[in-house]
Each structure stands twice: as C-alpha cells, then as structure tokens.
Number of protein chains: 2
Amino acid sequence: MKLLLVDDDADLRAVTSFALQQAGFLVIGAGSVPEAVAAFGTEHPDLVLLDINLPGGTGFDVCRAIRADSRVPVMMLTVRGEEEDLVRALELGADDYLTKPFSPRTLIARVRALLRRAGLESGGRTRAGDLELDADALCLRIGADGTLRITRLEFRLLQLLLAHAGQAVATDRLLAHVWGHKGGGDRQVLKQLVHRLRLKLGEAGDLANRIETIPAVGYRLNVTAP
Amino acid sequence: MKLLLVDDDADLRAVTSFALQQAGFLVIGAGSVPEAVAAFGTEHPDLVLLDINLPGGTGFDVCRAIRADSRVPVMMLTVRGEEEDLVRALELGADDYLTKPFSPRTLIARVRALLRRAGLESGGRTRAGDLELDADALCLRIGADGTLRITRLEFRLLQLLLAHAGQAVATDRLLAHVWGHKGGGDRQVLKQLVHRLRLKLGEAGDLANRIETIPAVGYRLNVTAP
DNA sequence: ACGGCGGTGACAAAGCGGTGACATTGCACG
DNA sequence: CGTGCAATGTCACCGCTTTGTCACCGCCGT
C-alpha cells in the first residue's frame, strides 16, 4: 500500500515515514507543491497525506490538482485551531484531516480507517453480511457453507463491491479500482469479468443474482444478514 | 440523506439536529443504546453520529452492534483529549470522530466529507414529501413501499420537479434542465418523457396523477406528507 | 369549423448489457 | 524447451431499453 506524504519539514517527514513504514506502508515523500504533483503523477499512490503550508503554494493547490483527475483518499495535516482551513479543505474534496501534533499511533489508525472506507485495504479480510473476502487465500467465503476460489481481478472487483455492499457502484469507479487509473480496461472487459464471476457464483450456490446490474450506472452487490 | 444522531443530551440533540436539517439532512434522534439500536434497525440511516457516554451502555456498544451487519459510515462524538477512546473507536470500525464542542459548520463539513468518501455523494439524494430521488442507483423511492427504476432523462425531469414540489414548473425550464440549452429536445419529447414516466408511476402504485398538467404553463409534482 | 395544446400509440435508431467463441498471455510441470 | 491449463483480453452477435420522431386523437376557446 503506497502513501504520498507531503510536508515541507524534512525532519517531520522522516519520523512520520518511519512510523508508517513500521506499519507496513510504502511511503513516498514530497516537500513542495510541484514535487507533490509530480510524485502523484508518476507514483499513483493509494492515499495522500497533505500538509497545508508548503513552499511554492499550499496544500489546497495540491488537493485541487489531485481531485481534478482522481478520487484517491486525501488526508490533510493541519495545525490546531484553523477551522477555516479545515472547512475549506473538506469542501475541496479532502476526505479527512488530522491536527498536528499527532501521535504515530493515531496517524496509523486514521490512515487504516481511511483506506478501509475507500475499500482499498490490502491485507486481511473484508466482510459484509454473509460474504467474506480473504486476500491471503484469494477466496470468497459464503456464510458458513463454503469457499470459492477467485482470481486477482475478481478479488479487486469484489473488494470494491463489498466495501459498498448494497449500494450501486459506478462502472467508472470499478474500472479505476480493478485496472488502475492507467486505462488498462474498458467496459468490455468489465462485462466479461462480471459475467465470469456470476458463473462461478452460480455454480457455488444460487448466488449469480447477488451481483445486480443497475442499468446506466454500474453494479451492486447484495448481501444478507450474517 | 438520513442521519441517526445518538446523544444523551436532548438539548444538544435539538440544536445539532436543527443545524443538520438546515443543511438538507433528515435527522433521526436517539438518546440511549437500546433506542439507537432500534432506530438503526427500523430507519436504516445513511450515517450515524455516536456519542460515547450513553445511558444503558456506551457508544462503543452501539458501534459494535451496527458493524455486525452494516458498513454504514459512523462518526464518533468524543470529548477532547481521550485518545485511547478514539483509537478504540476507530479499531471497532468507526470511520471518523469529532471532538466536542464543535461548531455546526465543522460538523456539516465533516458529515459531507464522510458521506462523499462513503460513495454516497451528498448531492446523491433529493427528497420531497414521500418521494426520494436516488442519483447513485438511479431510482425513485416512494415512501417506504418500494423503489422505481428510472432512466437518466426521467431522473433529470424529476430532479427539477422535486426541487419545486407543489409548484408549477414551466416547460421551458424543464427543457433547459433535462436536455441542456443546446436545443436537444422540444415539446414533443417532453410530452413523451412525461407520458412514459406517468406509465411507470401508474404501474408502481396509483401514482400517475402525481404529475399534474398545468395547461399553458408546464407540470407540477404533488407530494404527500413524509 | 378551426387551430393550438396535450395525450397516446407506433416505429426506428442508438446504446447498453449478456453471452459465447476465440486469441493471447503467463505460469507450472514434465 | 515444449505442453497444457488457467486467467485475461478481444471480437461478434443478440436482445432489451432508452430515446427521438411521426401521426393521430380529443379537448377547448374563439
């Protein structure tokens, strides 16, 4: 899981990076607005940590640039008591904020919470209703009945659907999540992916209809009570 | 957009509810753990605001009960300086927290941010009376009875009618809103659009007469009390 | 009677999603 | 190194839905 950490204080970057790396994250650092924008373009991080005070501009500029072509989770790092800045950041599309100074433990908990909410959490298991997704074994557990082996693409598809179980997920978001923002797939392959997954779900139980089509929008995964 | 606000202080609930309602949210209140769990089960809110200190238990108990069968966004309301509580809440599956006291403006910004990052886009739903328009799933919810799948054009039509529920809306405004100013549609297609929507509404209940014709002016959507 | 307006039905074009067939890639195994 | 299989991408076709267009009907005021 790759994070982009943007802060002008190199010492703070170093200590924060260390804490995040201990927690298993890969951290890319940037110390100015142009650096941050460039790093975002080349590295495609899964989450961005953004200080507001930066040489060459503000964190707002970076946030705006990122939001222009990506829905990646953004967490602002602010100093305490600047409510105006905070409101502005959230209205610009930031997903969360953290007031400095913060403890590494808090930071890691918040980063994890944000990743989980975005449906991007890499390791471990994701559960919704009677369905549980196991990243290590690459399989889907259905209630207590059985497990279903799935492929990597099917996993990523289910990851996002499960993270938003019961809600319609737009095809664009699915494409971005499964194949990455670098246009690997189009609607054609998504059709096929869903089709093949439905076949599997049909064989493993009468579950093909769990993935519902929302015409002109995308798909929705329906779960039952656990 | 429906929120569940859980706090034992009735006065704070009242003032907070008012602020949220001003921002366009529908707020359900609860003052204790059993009340909160019951309200969650019957109301199915889109987001939960949870105080920690509650009669009959703690906000953690409510959070655990909710997470047992739902991934609805949960925001904890804490008192300042209880980092242990905060970390525990996030590990229990809460998505965010807010320290009391907070300004209504901050609360609204944070709620919006949380909804956005949950994929529920605060602009995603519009309601008027017993009708609710869901932009994400592209459907119309009628009271508690059922949902009706609608098309993109029907959605845009209802969007404007619902925003002016009970008032006549001129055909020119409808044309401009549904098809844009680029002369894509004329009165003929609007006739057809309304006709087809009335058929759908008629099948889904006896709702065809909800769209009333105002001769020489346009149409009006009638709603009943929610 | 006439003309404007709105309702209704029928039809065609375009788009979207489902499905099957086949090609390509990558990887484990002999 | 070749072989076979699973995973993935690509193509073609089918059917349904959505949307635009036309024609015709009835209503109503002059």
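Chain naming here is simple, since letters A, B, ... match the order of the sequence lines and numbering starts at 1 in each. Below, each value reflects all heavy atoms present in this structure, side chains not excepted, and no hydrogens, waters or symmetry copies.
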Take the protein atom [atom1] of [X] and the nucleotide atom [atom2] of [N], then report the distance between them rounded to whole Å.
X	N	atom1	atom2	result
B:Ile150	D:dT19	CD1	C1'	15 Å
B:Glu154	D:dG20	CD	P	11 Å
B:Arg187	D:dC22	CZ	C1'	18 Å
A:Leu193	D:dA7	CG	P	12 Å
A:Leu157	D:dA7	CG	P	15 Å
B:Phe155	D:dT17	CZ	P	22 Å
A:Leu197	D:dT8	CG	P	11 Å
B:Arg156	D:dT18	CZ	P	17 Å

Kindly check if the number of other-residue, nucleotide or ligand heavy atoms within 6.0 Å of CZ (A:Phe102) is above 12?
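It does: A:Phe102 CZ has more than 12 such atoms within range.
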Kindly say if [X] contacts the phosphate of [N], meaning a side-chain N or O under 4.0 Å from OP1 or OP2.
X	N	result
B:Trp179	D:dG20	yes
A:Arg152	C:dG26	no
A:Thr151	D:dA6	no
B:Tyr219	C:dG7	yes

Taking [X] first and then [Y], would you say they form a salt bridge - that is, a charged N and a carboxylate O separated by under 4.0 Å?
X	Y	result
A:Asp8	A:Arg13	no
B:Arg67	B:Asp95	yes
B:Asp134	B:Arg149	no
B:Lys191	B:Asp186	no

Would A:Phe25 and A:Leu5 satisfy side-chain contact (heavy atoms from CB on, under 4.5 Å), going step by step from the backbone distance to the final call?
CA-CA 11 Å; A:Phe25 295 105; A:Leu5 172 61; over 6 Å; no
Could you run through nucleotides 8-14 of chain C and give me one letter per nucleotide, 5' to 3': B if any protein heavy atom sits under 4.0 Å from the base, S if only the sugar-phosphate is that close, - if neither?
BBBB---
What nucleic acid atoms does A:Leu153 come within less than 4.0 Å of, heavy atoms only: base, sugar-phosphate, or nothing?
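Answer is sugar-phosphate: A:Leu153 comes under 4.0 Å of backbone atoms only.
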Does anything in residues 208-216 of chain A reach DNA chain C, meaning a heavy atom under 4.0 Å, and if so which residues?
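Hits under 4.0 Å, by residue number: A:Thr213, A:Ala216.
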Is a side-chain donor or acceptor of B:Arg156 paired with a backbone partner of B:Val178 at a separation under 3.5 angstrom?
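Flag set: sc B:Arg156 to bb B:Val178 pair under 3.5 Å.
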Is there a donor-acceptor pair under 3.5 Å between the side chain of B:Arg198 and the backbone N or O of B:Ile211?
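Side chain of B:Arg198 to backbone of B:Ile211: a pair is present.
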Just wondering, do A:Gln167 and B:Arg71 contact through their side chains at under 4.5 Å, heavy atoms?
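Not touching, per the 4.5 Å side-chain cut-off.
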